[in-house]
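Encoded as structure tokens, the structure appears first; notes follow it.
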Protein chains: 2
Amino acid sequence: MNRFLGHMTNRIDAKGRVSVPAQFRLIVQSAGHTELYALRSLHLPALDVGGPELLTRFDKTLESADPFAETADDMSFYLHADGSFLKLDADGRITVTDFLREHTGISTDVTFAGANTHFQIWQPDQFEAHRSKVRARLAEKRRLETS
Amino acid sequence: MNRFLGHMTNRIDAKGRVSVPAQFRLIVQSAGHTELYALRSLHLPALDVGGPELLTRFDKTLESADPFAETADDMSFYLHADGSFLKLDADGRITVTDFLREHTGISTDVTFAGANTHFQIWQPDQFEAHRSKVRARLAEKRRLETS
DNA sequence: TGGGGCACTATGGGCGTCAATGGGATTAGA
DNA sequence: TCTAATCCCATTGACGCCCATAGTGCCCCA
């Protein structure tokens with residue numbers, strides 16, 4: 001199954017590296033890629049990550065948009081300036097740069113969370129907080145609908 | 001990956017030089033160029049920079065336009081008068097001239113930002129300001145669309 | 001069915017290479 | 001001649017590439 005699913009937390013070592021979970025790694029590597037594309041989420045303190053084709057997918061939608069609209073400029077800037085490639089080393093690790101830390105608050109541990117076509121990178125506590133918030137929202141929604 | 005992506009900030013030394021990030025440099029140099037073409041952005045306090053073929057690319061779109069149209073004259077003037085070549089030295093640095101400083105407000109540090117087919121040069125604070133403005137606009141747009 | 005071994009993941013660390021930066025020396029230009 | 005650009009080299013800190021180890025789950029075979 002080549003979908004990103006589940007979540008797990010790994011430790012950052014003394015050199016600032018962290019292992020990308022093998023499950024996730026395999027999906028990207030089996031597509032022949034040795035690097036990841038990471039984008040700072042607009043509304044969450046997390047990064048959306050996937051293979052380089054993730055960027056290509058976004059670029060495609062950009063091309064079809066009106067190139068003179070201000071939104072197109074904004075989108076391009078967001079995708080390219082606020083995004084980054086993360087190189088996977090031979091052991092399937094990435095180095096946690098300030099680019100990641102600033103946006104997520106990551107310091108010593110990283111939570112990887114599947115999101116079907118891509119995955120996310122979180123600071124563990126933030127992830128847990130977000131997770132319970134989402135669960136609460138869904139439960140509340142269900143309660144309203146069934147009452 | 002031969003795309004300009006991500007952003008990083010480098011320091012200007014006592015002689016007014018600054019290193020162009022290796023990632024970006026490699027893309028230009030692998031195309032066999034030792035100098036860059038820089039153009040003052042119309043809407044932003046930044047410069048659009050790329051290999052000399054960037055100018056060629058702009059020229060091409062000009063040729064296809066009516067040479068007697070006023071906008072074509074304006075464009076040509078803009079491309080050539082408001083543009084400049086930047087020489088890369090042996091170590092991959094450029095000298096930060098007044099041409100750069102005036103338009104961007106750069107003084108001690110330079111932020112390089114990827115823009116897919118080319119990259120941009122910013123004064124770090126200006127870049128950060130623009131970045132959060134873009135994020136705010138996109139987030140707002142998304143909020144309107146999903147509500 | 002239980003035990004042993006194999007495979008693999010996460011993690012730690014050594015080491016060489018390269019990028020970013022600083023500065024001296026030489027050359028060209030005003 | 002004085003200033004500014006260019007070339008060359010040194011330093012240092014980060015990163016890539018390599019290998020080692022411990023823990024774990026799985027499979028196979030007795």
Side-chain angles (χ1 to χ4, degrees), chain A residues 1-2 4-30 33-38 49 52 84-102 106-114 119 121-124 127, chain B residues 1-2 4-30 33-36 38 49 84-102 106-114 119 121-124 127:
Chain A
M1 185 57 64
N2 55 350
F4 298 95
L5 202 64
H7 70 270
M8 63 278 316
T9 300
N10 286 339
R11 178 184 316 253
I12 299 175
D13 70 16
K15 292 165 91 174
R17 301 170 299 183
V18 66
S19 296
V20 175
Q23 284 173 266
F24 293 177
R25 220 161 62 206
L26 282 178
I27 298 175
V28 175
Q29 287 177 332
S30 67
H33 299 123
T34 59
E35 55 184 6
L36 304 170
Y37 171 68
V49 188
S84 172
F85 284 125
L86 306 176
K87 264 186 215 132
L88 282 166
D89 71 13
D91 300 319
R93 288 180 283 198
I94 55 174
T95 51
V96 181
T97 60
D98 287 343
F99 174 79
L100 303 182
R101 295 183 196 270
E102 274 172 26
I106 286 171
S107 59
T108 64
D109 294 83
V110 180
T111 296
F112 298 84
F119 64 94
I121 286 180
W122 289 81
Q123 193 276 333
F127 172 75
Chain B
M1 190 58 61
N2 55 350
F4 296 95
L5 198 69
H7 67 269
M8 62 281 312
T9 300
N10 286 340
R11 179 184 314 258
I12 299 176
D13 69 16
K15 292 172 153 184
R17 301 170 299 182
V18 67
S19 296
V20 176
Q23 278 175 271
F24 292 177
R25 222 161 61 208
L26 282 178
I27 298 175
V28 175
Q29 288 177 332
S30 68
H33 300 123
T34 58
E35 57 182 7
L36 303 170
V49 187
S84 170
F85 285 115
L86 306 175
K87 262 185 218 138
L88 280 166
D89 70 13
D91 298 322
R93 289 182 281 199
I94 54 175
T95 50
V96 181
T97 60
D98 288 342
F99 175 79
L100 302 182
R101 294 184 196 270
E102 274 170 25
I106 287 171
S107 60
T108 64
D109 294 83
V110 180
T111 296
F112 297 83
F119 63 94
I121 286 180
W122 288 80
Q123 193 275 334
F127 173 78

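Numbered from 1 within each chain, the chains take letters A, B, ... in sequence-line order. Worth saying up front: this structure is predicted, and the values here are computed from it rather than measured.
Aromatic ring pairs are classed by plane angle as parallel below 30°, tilted from 30° to 60° and perpendicular above 60°; the pair A:Phe4 and A:Phe119 is tilted.
With rounding to whole Å, B:Asp109 atom CG is found 12 Å from C:dT21 atom C1'. If you take CZ of B:Arg11 and P of D:dG13, they are 13 Å apart, rounded to a whole angstrom. When rounded to the nearest whole Å, the span between CD of A:Gln23 and C1' of D:dT24 equals 15 Å. In this structure, the CG atom of B:Leu26 is 14 Å from the C1' atom of C:dA20, given to the nearest Å. When rounded to the nearest whole Å, the span between CG of B:Asn10 and P of D:dA14 equals 14 Å. Nucleotide D:dA14 holds its P atom 18 Å from the CD1 atom of A:Ile94, rounded to whole Å. Following rounding to the nearest Å, A:Ile12 (CD1) and C:dG13 (P) show an atom-to-atom distance of 15 Å. A:Asp13 places its CG atom 14 Å from the P atom of D:dA14, with the value rounded to the nearest Å.
For the residue pair B:Ser107 and B:Arg101, the shortest heavy atom distance occurs at O-NH1, 3.0 Å.
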When you look at A:Val110 and A:Leu100, which way does the side chain to side chain contact (heavy atoms under 4.5 Å, CB included) test go after all the steps? CA-CA 10 Å; A:Val110 180; A:Leu100 303 182; over 6 Å; no
One pair to check against side chain to side chain contact (heavy atoms under 4.5 Å, CB included): A:Phe112 and A:Val18. What are the steps and the verdict? CA-CA 11 Å; A:Phe112 298 84; A:Val18 66; 4.1 Å; yes
Going through the checks in order, is the side chain to side chain contact (heavy atoms under 4.5 Å, CB included) test met by A:Leu88 and A:Ile94? CA-CA 5 Å; A:Leu88 282 166; A:Ile94 55 174; 3.8 Å; yes
Show, in sequence, the C-alpha distance, side-chain angles and deciding distance for A:Ile12 and A:Thr108, and conclude whether the side chain to side chain contact (heavy atoms under 4.5 Å, CB included) test is met. CA-CA 5 Å; A:Ile12 299 175; A:Thr108 64; 5.6 Å; no
Using a cut-off of under 3.5 Å, enumerate the N/O to N/O pairs linking the protein to nucleotides 28-30 of chain C.
none

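For the pair A:Phe85 and A:Leu36, the minimum side-chain heavy-atom distance is 4.5 Å or more.
Listed by first and then second residue, the salt bridge (charged side-chain N to carboxylate O under 4.0 Å, His left out) pairs that reach into residues 17-26 of chain B are B:Asp13-B:Arg17, sequence neighbours excluded.
Applying the 6.0 Å contact sphere to CG of A:Leu5 captures no more than 12 heavy atoms from other residues, nucleotides or ligands.
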Please encode protein proximity along nucleotides 16-22 of chain D as a string of B, S and -, counting only heavy-atom distances under 4.0 Å. BBBB---
